[in-house]
Amino acid sequence: MSNYKLLTPGPLTTTEAVKREMLKDRCTWDDDYKNVTQVIRKQLLKLAKVDEADYTTVLMQGSGSFVVESVLTTAIGENDKVLILTNGAYGERIVEMAKALKLQHVVYSAPYDEQPSLLEVQSFLKRDRSITHVALVHCETTTGILNPIKEIGEVVHSFNKTFIVDAMSSFGGVPMDLSSLHIDFCISSANKCIQGVPGFGFVIANTRALEKCKGQARSVALDLHSQWEVMKQDGKWRFTSPTHVVAAFAKALEELNEEGGIHARYKRYAYNNQLLRSRLSVLGFKAYISEELQSPIITTFLFPYKEFSFEHFYQEIKNAGFVIYPGKLTDVDTFRIGNIGDIHEEDILALCEIIENYMVVKNNEN
Ligand SMILES: *Cc1c(COP(=O)(O)O)cnc(C)c1O
């Protein structure tokens with residue numbers, strides 16, 4: 001297998017030190033290991049800028065989607081109803097889960113290149129008094145659009161509803177103060193902006209909101225409340241925990257701290273994203289999402305000309321040492337480049353040079 005750096009939004013490029021942590025086997029019921037889990041739980045609260053008196057962290061085995069499903073089945077009871085806001089595939093996945101779980105739900109779909117309108121959200125909540133929860137994705141990784149969680153959180157709070165945010169691809173890379181955002185359940189995973197490897201996700205939950213969920217889940221393995229009841233005691237995971245992944249994650253958190261915290265990481269991501277967008281724009285690549293709505297996580301680019309072959313482009317870039325991502329839109333031809341992970345200015349510059357050379361060769365052919 002060739003060696004390349006990932007320019008994908010998770011799994012992503014991790015540091016050597018994070019990978020090295022996985023060379024040791026750890027015992028799940030030993031105090032040292034349980035303590036690693038407890039330290040992680042505390043540090044995540046700090047990153048979310050919330051108080052231990054009001055919020056708690058639950059780690060859950062599986063990829064990010066498992067954790068989203070765990071929150072939905074645990075937090076939304078039989079007599080509840082969730083308003084789901086969508087403008088991309090991950091929002092639509094929440095709808096798919098709501099259907100499978102037979103949750104009462106309503107959907108407000110905005111176009112993929114637009115944020116949901118606050119007035120629409122307000123009117124949904126005014127019209128339908130039976131809505132108890134609102135769920136949305138923060139950074140829609142489908143396109144790279146960033147949704148206005150602060151403004152939506154204010155609306156949700158003014159109606160006194162429970163607020164669920166899929167912050168999978170943004171938590172750790174975009175500064176967030178959960179309590180002032182009125183988020184009750186904030187979901188993310190190990191292999192995104194904290195820059196760990198895949199294997200588990202986490203929920204930063206308002207403790208009072210989580211306490212109310214006892215016995216509500218229609219699942220054993222994905223019962224977030226039961227997982228919390230075991231984990232909060234001494235850091236023991238309910239079922240087999242992904243020990244290597246947890247150790248790598250603890251290291252990744254240390255490195256996030258050393259980098260200067262979420263603000264410093266956000267600055268690196270935003271700078272690299274800006275650099276990528278501006279360099280590629282000179283080469284004729286237009287971004288799908290307008291600059292004001294663009295997240296610093298991942299960018300969707302339109303094909304630069306009609307005969308553009310993504311497969312060929314992808315292969316050439318891969319041969320030169322980087323892996324990029326196909327598009328996820330059905331109506332326009334696009335591809336995506338992520339810039340989260342252990343990716344620095346020199347990587348972006350190297351990538352841009354590879355793409356520049358590709359375009360020079362293509363222009364000479366035409
Ligand atoms: C990555 C991601 C998920 C989870 O995807 P998995 O493949 O299950 O890890 C969910 N929501 C968003 C916005 C994501 O970026």
Side-chain angles (χ1 to χ4, degrees), residues 6-14 58-73 75 82 84-98 100-101 107 109-110 112-113 115-116 134-149 152 163-174 176 181 183 185-204 219 221-222 224 242 245-246 248-249 252 269 273 288-289 293-300 323-329 334 336-341 343:
L6 295 169
L7 297 174
T8 56
L12 38 65
T13 304
T14 55
V58 194
L59 313 183
M60 178 63 90
Q61 297 91 331
S63 87
S65 302
F66 289 65
V67 189
V68 174
E69 193 154 333
S70 160
V71 168
L72 297 178
T73 191
V82 58
I84 306 166
L85 315 182
T86 73
N87 55 351
Y90 291 99
E92 285 158 14
R93 189 175 295 172
I94 296 180
V95 177
E96 196 186 336
M97 289 172 183
L101 294 166
V107 182
S109 300
Y112 276 26
D113 57 350
Q115 295 179 329
V134 177
L136 99 154
V137 174
H138 184 206
C139 169
E140 243 308 346
T141 322
T142 315
T143 58
I145 196 171
L146 203 59
N147 282 324
I149 47 171
I152 290 174
F163 193 26
I164 299 171
V165 176
D166 168 350
M168 207 71 69
S169 59
S170 55
F171 187 83
V174 177
M176 264 180 240
L181 293 169
I183 300 177
F185 296 90
C186 177
I187 309 158
S188 188
S189 83
N191 62 295
K192 304 248 173 162
C193 295
I194 307 283
Q195 299 184 181
V197 303
F200 74 91
F202 54 88
V203 182
I204 301 168
S219 165
L222 293 180
L224 192 75
V245 180
V246 170
F249 188 77
Y269 287 173
N273 184 265
Y288 175 74
I289 296 295
L293 306 182
Q294 171 68 45
S295 70
I297 309 294
I298 185 169
T299 312
T300 299
V323 159
I324 62 171
Y325 225 36
K328 215 176 164 108
L329 303 178
T334 57
R336 292 176 291 171
I337 299 179
N339 57 268
I340 58 178
I343 296 296

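Since we're looking at a predicted model, the values are computed, not measured. When a ligand or atom number is given, it counts from 1 through the structure's own listing order.
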Chemist: Mind checking side-chain hydrogen bond (donor to acceptor under 3.5 Å, both in side chains) for T14 and listing every partner two or more places apart, or none if nothing turns up?
Modeler: K19
Chemist: For S109, enumerate each residue passing the side-chain hydrogen bond (donor to acceptor under 3.5 Å, both in side chains) test, keeping only those at least two apart in sequence or located in another chain.
Modeler: T86
Chemist: Output, or 'none' if empty, a list of ligand 1-protein atom pairs in which both atoms are N or O and the distance is under 3.5 Å, rounded to 0.1 Å.
Modeler:
from, atom 1, to, atom 2, distance (Å)
ligand 1, 8 (O), S63, OG, 2.5
ligand 1, 8 (O), G64, N, 3.4
ligand 1, 8 (O), S65, N, 2.8
ligand 1, 8 (O), S65, OG, 2.6
ligand 1, 9 (O), G64, N, 3.0
ligand 1, 11 (N), D166, OD1, 3.4
ligand 1, 11 (N), D166, OD2, 2.7
ligand 1, 15 (O), T141, OG1, 2.5
ligand 1, 15 (O), K192, NZ, 2.7

Chemist: If only atom types and distance count, is the side chain of N339 paired as donor or acceptor with the main-chain N or O of P296 below 3.5 Å?
Modeler: yes
Chemist: Who passes side-chain contact (heavy atoms from CB on, under 4.5 Å) against V68, sequence neighbours left out?
Modeler: L72, I94, M97, D166, M168, I187
Chemist: Could you tell me if T73 and S219 have a donor-acceptor pair between their side chains, going purely by distance under 3.5 Å?
Modeler: no
Chemist: Cation-pi between K328 and Y90: NZ/CZ under 6.0 Å from ring centre and within 45° of the ring axis?
Modeler: yes
